[in-house]
Every structure is written in structure tokens, then in C-alpha cells.
Amino acid sequence: MVGTGSLVLNGTSSGYATTSVSPIHTNTSFTVGAWVSTAGRPTKPVTVMSVAGTDTNGFAVRYVPDAGDPANAGSWQVQMANADSTTAVVSTASDTSFQSNGAWDHIAVVYDLMAGQVRLYVNGQVQETLCADSDDDGVPDDPSCTESVSWNSSVLPFDATKGLQLGRIKTGATTWGEYWPGVIDDAWVFAGVASDTQIAALASGVDLDTTAGP
């Protein structure tokens, strides 16, 4: 667990917390999680947690508003870059669950190196939206339906070593942004793959024994 007490951030360049080095290797299996809250739905991209490299981020957990309706829609997103470069290929996974108006969400990310997969959990669950296909022809019964899942496979990130960032993301070699306008609490960062059961336990407020393994 990172520190004690809640971290209250103001959404500006003065509102963040950081470590001098990363507590994990982002190119090996790891698990991170935190409780987060904002006074209202952000209308621009903001970042809860990231690990910085020299030019970009090994991973970042963000809230990204919907471009067509930023006041009412958006998604949590995890992104992982395959190289420490501003032109790196970035893999993402998203979840449209979001509780605004001061409610708390538990956000967790698990990267499984052996599976090459990153999974995003919101309030203890991965999101899977499937479209009905009654005649099994590969075309949804509802043409407007779009299937989505909150995980991504074939993900091979680089090892970012410049420190854990709470409340901001690296946007260039010397620049930062997407400052979180709210509260971050009970942040966990550890090596290894947490199980679905362990993630659900964290989301229910149970502390994990990270020395015991999944």
C-alpha cells in the first residue's frame, strides 16, 4: 500500500504525489489499485495513476470523457506503451462504469506477462458488453450495438523506471498533465498477478497479504 490517509488533489499542476523510482517493473506482471472520487464527472481527460518513463508512461489509469457528450458520458481507461517514446504503440482497455457526484469507484489494473494481457477492473469487476445475435450470423440483432470488454491481449509494455505518479501523467520529455481533480485513497501497487477474487476483496475494502501469492 502507498502511504496512509486520503490524497486530496486540486486538478492543477501543484496537485500530485510521486515516488523517486517505480515500485514495480511495468514490463513484468503487476497489480495496482486505488479508490478514487471526484465532485463531478470530469469533462477533459484526467489521470489517477501512472508510472513515468523518460518520454512517456509505462502505464496510466485515466478517465476519458465521451467526445460527443462529455458532460454525461465517458470511460475509465488503462493504457500501456510498448516503448519509451512519444510515437510508441499504445494498447488500451476501457470501462464505461463511472460514479460521479462524489461517489467512490475502486479502480484496479492487472498486467499478466505470461498471458500478455492487461485487465481493467471497476468496483471489482471487468466489463463485458455482448450484443445479441439470435441467428448466429455474426451481425448483432441491434445494428447500433457495439461489443466491448475491459481487457486487451498481446500487450508488451516497456519498463518505466522514473516513478509512480498519483494524479498526473507524463505528456512529453519534460511535461506533465491530466491532473486529477479529486481524492485518491488506499492505493496498492505490487508485483504479480492478483486473482479475480483478490481484486473483488480489494474492492470490498479487504487488505491483501501480497506475500502469499494469488
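The chain is numbered in sequence order, starting from 1.
Q125 is not listed as a side-chain neighbour of Q127, based on a closest heavy-atom distance of 4.5 Å or more. Looking at T31 and V109, their side chains never come closer than 4.5 Å, going by heavy atoms from C-beta outward. Within the 4.5 Å cutoff, side-chain heavy atoms of L9 are placed close to those of I184.
In this structure, M49 CE and I169 CD1 are separated by 12.5 Å, a value rounded to the nearest 0.5 Å.
For S14, the side-chain contact (heavy atoms from CB on, under 4.5 Å) criterion is met by N10, T12, not counting sequence neighbours. Partners of T26 according to the side-chain contact (heavy atoms from CB on, under 4.5 Å) rule, which considers only residues two or more places apart in sequence or in another chain, are I24, F30, V51, F59, D159, A160. Under the ring-ring contact (aromatic ring centres under 6.0 Å, His included) criterion, H106 pairs with W35, not counting sequence neighbours. Partners of T86 according to the side-chain contact (heavy atoms from CB on, under 4.5 Å) rule, which considers only residues two or more places apart in sequence or in another chain, are D55. Residues forming a side-chain contact (heavy atoms from CB on, under 4.5 Å) with P65 (at least two apart in sequence, or on another chain): P45, Y63, P70. Under the rule for a side-chain hydrogen bond (donor to acceptor under 3.5 Å, both in side chains), S204 has no partner lying at least two apart in sequence or in another chain. Among residues two or more places apart in sequence or in another chain, the side-chain hydrogen bond (donor to acceptor under 3.5 Å, both in side chains) test is passed with S97 by D95. Under the side-chain hydrogen bond (donor to acceptor under 3.5 Å, both in side chains) criterion, T43 pairs with no residue at all, not counting sequence neighbours.
Each salt bridge (charged side-chain N to carboxylate O under 4.0 Å, His left out) pair with one or both residues in residues 166-179, not counting sequence neighbours, appears once here: R62-E178. Applying the ring pair (Phe, Tyr, Trp, His ring centres under 6.0 Å) test to residues at least two apart or on different chains, the pairs with a partner in residues 151-182 are W76-W180. Judged as a ring pair (Phe, Tyr, Trp, His ring centres under 6.0 Å), not a single pair has a partner in residues 38-58 (not counting sequence neighbours).
Minimum interatomic distance between P23 and V189 (heavy atoms only, all atoms of both residues): CG-CG1, 3.7 Å.
Between the side chains of N27 and Y111, no donor-acceptor pair of N or O atoms lies under 3.5 Å. S91 and Q79 are not linked by any side-chain donor-acceptor pair at a separation below 3.5 angstrom, with hydrogens and angles left out of the test. Under 3.5 Å, the side chains of S50 and Q165 contain no donor-acceptor pair of N or O atoms.
Under a 4.5 Å side-chain heavy-atom cut-off, the cluster of Ile, Leu, Val, Met, Phe, Trp and Tyr residues that includes M114 has no other member.
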Go through it in stages, so that I can follow the logic: the residues are V48 and L166, the test is side-chain contact (heavy atoms from CB on, under 4.5 Å), and I'd like the CA-CA distance, side-chain angles, deciding distance and then a yes or no. CA-CA 6 Å; V48 171; L166 296 178; 5.9 Å; no
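Hydrophobic clustering (side-chain heavy atoms under 4.5 Å, transitive across Ile, Leu, Val, Met, Phe, Trp, Tyr) groups V193 together with V126. In the hydrophobic clustering of this structure, V32 does not group with Y16; members are Ile, Leu, Val, Met, Phe, Trp, Tyr whose side-chain heavy atoms approach within less than 4.5 Å, directly or through other members.
T19 places no side-chain N or O within donor-acceptor distance of the main-chain N or O of S22, the cut-off being under 3.5 Å.
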